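Just so it is clear, the structure is predicted and the values come from calculations on it, not from any experiment. Sequential numbering from 1 along the given sequence is applied to the chain's residues.
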Amino acid sequence: MAEVYPFHGYRYNEEKVEDLNKVVSQPYDKIDSKSREKLYQISDYNIVRMILSKAEPGKDNYQTTADNFKEWIDNDILLREDEPSFYAYWQEYMVNGQKRVRKGFVGMGKLVGEDGVKAHENTMGGPKADRLNLMRATEANFGHIFMLYSDREQKILNLLNQAIENKKPLIKVNDEDGNLHIIWKVTDNSLLASIQEEMKAKVLYIADGHHRYQTAINFCNESLEKGWESIGAEGFANRLMTFVNIDDPGMSILATHRLVYGLTDFNLDRFLTKASKEFELNKYNSSNELYKKLDEDQGEKHTIGFKAREEEKYWSLTLKNEQTMKTLVPDKSDVWRNLDVVILHKTILERYLEIDEEALAEKKYTDYVRYREMALDMVDKSPEKEYQAVFLLNPTPVEDVQSVANQGERMPQKSTDFYPKLLTGLVINKLNIKK
């Protein structure tokens with residue numbers, strides 16, 4: 001049962017922040033040091049100053065954020081909405097040369113255990129501690145949890161379409177990839193109630209934001225232990241979320257490719273000899289030939305692309321027999337062990353290259369890249385790091401994400417890349433707490 005609530009959001013005051021494109025950003029975990037610096041320079045009010053702030057003299061970065069957040073509210077940089085609302089959130093984007101529109105809505109979602117919310121990735125202590133310290137300092141939700149639900153009949157989307165018909169968007173901004181993000185405010189009481197009623201029968205799946213969701217639960221639990229009271233939709237018993245239909249034709253999951261570095265005894269011939277025992281190997285003269293093989297095998301065979309540094313040829317590795325995975329991981333479901341990313345991790349990275357789960361979790365010998373062209377370019381030309389090899393994956397199907405989550409299993413990290421990401425800074429929730 002999914003309990004969702006309209007809320008009094010905080011939004012940038014466009015009389016004081018004239019260009020919203022300059023104040024929104026990608027989620028905190030998608031911002032590297034260079035991007036952070038660029039966002040800092042773009043605007044004194046870019047949301048990066050909330051989600052990844054720099055410490056000011058005499059303060060740590062969390063207290064710096066809390067003080068700046070209060071100042072932004074006091075100076076009307078951020079304004080509280082007069083009425084509780086859901087926000088229709090459309091994302092227009094291009095993928096594989098096709099235009100798509102992913103449709104969802106922003107609201108507050110009740111925090112529940114895994115009977116009501118399904119996760120598909122493990123969380124790590126460091127990010128959770130960081131986000132919890134930020135939440136303690138600011139008592140706010142800046143970034144959204146990206147939640148999925150299933151609605152094949154598109155009932156909720158029909159309600160949203162009805163709500164925004166002939167209405168001017170509240171917000172229109174572009175991200176750095178040129179994707180368009182559009183927000184409409186939904187305030188009609190009957191439509192709000194209908195959306196809430198339709199959502200009650202839904203099971204929620206976390207697409208992005210596993211660390212933030214667990215952090216919200218931890219903050220809720222410690223607040224209750226202190227005797228604090230969660231007030232209304234904006235209270236700490238709920239969390240800012242964006243809800244998207246798994247069955248939306250605008251849904252896209254991209255692959256995340258693996259670059260390998262720092263292995264002391266990597267040898268191409270030895271690696272290919274090992275791989276040939278369990279994989280069918282094919283060699284190509286061009287990346288386009290490899291891409292064609294990957295595209296043809298997507299959803300049909302377990303094929304992984306491969307290229308070694310400064311090696312002219314490209315390779316495809318196709319698993320010969322799924323029994324290999326059943327032998328390696330007998331305690332897992334068929335869906336889990338036959339994920340391409342699991343096959344890559346359990347056979348190639350762990351057994352052939354001896355990069356174990358702990359090293360993978362620490363990103364000790366691996367880097368992750370979204371685009372396969374970029375990954376191939378980096379293995380040969382990266383000036384920052386000498387990569388030894390790259391492995392290209394096909395995207396994980398959304399149905400497999402749902403199936404794995406339903407069985408309480410967890411995928412390896414970076415198994416899914418829901419594209420595009422939800423922008424941070426469009427709508428913010430300030431927690432309503434009685435202490």
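A donor-acceptor distance shorter than 3.5 angstrom exists from the side chain of Thr327 to the backbone of Gln323, with no hydrogens or angles considered. In this structure, the side chain of Tyr28 does not engage the main chain of Phe142 through any donor-acceptor pair within 3.5 Å. Between the side chain of Glu3 and the backbone N or O of Gly109, no donor-acceptor pair lies under 3.5 Å. Checking side-chain atoms of Asp247 against main-chain N and O of Asp151 turns up a donor-acceptor pair under 3.5 Å. Within the 3.5 Å criterion, the main-chain N or O of Gln154 finds a donor-acceptor partner in the side chain of Asn158. The backbone N or O of Asn61 lies less than 3.5 Å from a partner atom in the side chain of Ser53, making a donor-acceptor pair. Checking side-chain atoms of Asn133 against main-chain N and O of Ala129 turns up a donor-acceptor pair under 3.5 Å. Remark: side-chain polar atoms of Ser85 are paired, donor with acceptor, to backbone N or O of Glu83 under 3.5 angstrom. For the pair Gln91 (side chain) and Lys103 (backbone), a donor-acceptor distance under 3.5 Å is absent. A side-chain donor-acceptor contact under 3.5 Å links Lys167 to the backbone of Ala163.
Counted within 6.0 Å of NZ on Lys313, heavy atoms from surrounding residues, nucleotides or ligands total more than 12; the atom is thus considered enclosed. Atom NZ of Lys226 has more than 12 heavy atoms from other residues, nucleotides or ligands within 6.0 Å. Atom NZ of Lys30 has more than 12 heavy atoms from other residues, nucleotides or ligands within 6.0 Å. Within a 6.0 Å sphere centred on CG of Asn96, heavy atoms belonging to other residues, nucleotides or ligands number 12 at most. Around atom OH of Tyr10, more than 12 heavy atoms belonging to other residues, nucleotides or ligands sit under 6.0 Å away. Other residues, nucleotides and ligands contribute more than 12 heavy atoms inside 6.0 Å of the NZ atom of Lys320. Summarising the local packing, CD of Glu153 is surrounded by 12 or fewer heavy atoms from other residues, nucleotides or ligands at distances under 6.0 Å. The environment of CE in Met94 is crowded: more than 12 heavy-atom neighbours from other residues, nucleotides or ligands sit within 6.0 Å.
If you take OG on Ser150 and NZ on Lys202, they are separated by 6.5 Å, rounding to the nearest 0.5 Å. Distance CG/Leu180 to NZ/Lys99: 8.0 Å, rounded to 0.5 Å. To the nearest 0.5 Å, atoms CG (Leu78) and CD1 (Ile73) are separated by 6.0 Å. Taking CD from Gln388 and CG from Asp265, the interatomic distance works out to 9.0 Å, rounded to the nearest 0.5 Å. His211 NE2 to Leu132 CG: the interatomic distance, rounded to the nearest 0.5 Å, is 13.0 Å. One distance of note links CD of Glu197 with CD1 of Ile156; it measures 10.5 Å at 0.5 Å rounding.
No side-chain heavy atom of Trp184 sits under 4.5 Å from any side-chain heavy atom of Leu170.
Checked by atom type, the side-chain pair Asn218/Gln214 shows a donor-acceptor distance below 3.5 Å. Looking only at atom types and distance, the side chain of Tyr87 has a donor-acceptor partner in the side chain of Glu81 under 3.5 Å away. For the residue pair Asp188/Ser190, the side-chain donor-acceptor check at 3.5 Å is satisfied. Side-chain contact check for Ser316 and Tyr284: at least one donor-acceptor pair (N or O, by modelled atom type) lies under 3.5 Å. Looking only at atom types and distance, the side chain of Asp400 has no donor-acceptor partner in the side chain of Ser403 under 3.5 Å away. Side-chain contact of Tyr368 with Gln413: a donor-acceptor pair under 3.5 Å is present, judged by distance alone. Tyr93 and Asp175 are not linked by any side-chain donor-acceptor pair at a separation below 3.5 angstrom, with hydrogens and angles left out of the test. Side-chain atoms of Glu92 and Asn179 include no donor-acceptor pair closer than 3.5 Å.
A search for ring pair (Phe, Tyr, Trp, His ring centres under 6.0 Å) contacts involving Trp336 returns nothing, not counting sequence neighbours. Residues satisfying the side chain to side chain contact (heavy atoms under 4.5 Å, CB included) test with Asp60, not counting sequence neighbours, are Tyr62, Gln63.
Ring geometry for Phe266 versus Phe271: interplanar angle of 30 to 60°, hence tilted. Using cut-offs of 30° and 60° for the angle between ring planes, the Phe219 and Phe236 rings count as perpendicular.
In this structure, Lys364 does not pair ionically with Glu358, as no charged nitrogen and carboxylate oxygen lie closer than 4.0 Å. In this structure, Glu37 does not pair ionically with Lys34, as no charged nitrogen and carboxylate oxygen lie closer than 4.0 Å. Asp208 and Arg212 are not joined by a salt bridge, as no carboxylate oxygen comes within less than 4.0 angstrom of a charged side-chain nitrogen. At a threshold of 4.0 Å, the pair Lys293-Asp297 counts as salt-bridged, since one of the basic side-chain nitrogens sits closer than that to a carboxylate oxygen. The residues Asp380 and Lys307 are annotated as salt-bridged, a charged nitrogen and a carboxylate oxygen being separated by less than 4.0 angstrom.
The aromatic ring centres of Phe418 and Phe146 sit less than 6.0 Å apart.
For the pairing with Asp367, the side-chain hydrogen bond (donor to acceptor under 3.5 Å, both in side chains) check across His257, Lys385, Arg258 returns one residue only, Lys385. Only one option out of Lys430, Lys434, Lys435 pairs with Glu139 in a salt bridge (Lys or Arg N to Asp or Glu O under 4.0 Å); it is Lys435.
Shortest non-hydrogen contact noted between Val427 and Gly9 is CG1-CA, 4.0 Å. Across every non-hydrogen atom of Leu422 and Arg102, the tightest pair is CD2-NH2, 3.9 Å. Summarising the geometry of Arg309 relative to Tyr387, their closest heavy-atom pair is CD-O, 2.8 Å, with the distance given to 0.1 Å. Listed here is the closest heavy atom pair of Ile304 and Leu393: CG1-CD2, 4.0 Å. Here the shortest heavy-atom pairing between Arg239 and Gly143 reads NH1-O, 2.7 Å. When all heavy atoms of Leu290 and Phe306 are compared, the pair lying nearest together is CD2-N, 4.3 Å.
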Under the ring pair (Phe, Tyr, Trp, His ring centres under 6.0 Å) criterion, do Phe105 and Tyr89 qualify, and how do the steps go?
CA-CA 5 Å; Phe105 72 96; Tyr89 183 6; over 10 Å; no

Can Arg370 and Thr256 be said to form a side chain to side chain donor-acceptor pair (under 3.5 Å), step by step?
CA-CA 5 Å; Arg370 172 181 284 163; Thr256 302; over 6 Å; no

Between Lys301 and Asp295, is the salt bridge (charged side-chain N to carboxylate O under 4.0 Å, His left out) condition met? List the steps.
CA-CA 10 Å; Lys301 298 178 181 179; Asp295 293 343; over 6 Å; no

Output, in order, the C-alpha distance, side-chain angles, deciding distance and verdict of side chain to side chain contact (heavy atoms under 4.5 Å, CB included) for Tyr291 and Tyr314.
CA-CA 10 Å; Tyr291 296 161; Tyr314 303 80; over 6 Å; no

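Pairs of residues two or more places apart, or lying in two chains, that qualify as salt bridge (charged side-chain N to carboxylate O under 4.0 Å, His left out) and include a residue from residues 333-355 are Glu278-Arg351, Asp334-Arg337, Lys346-Glu350, Lys346-Glu357.
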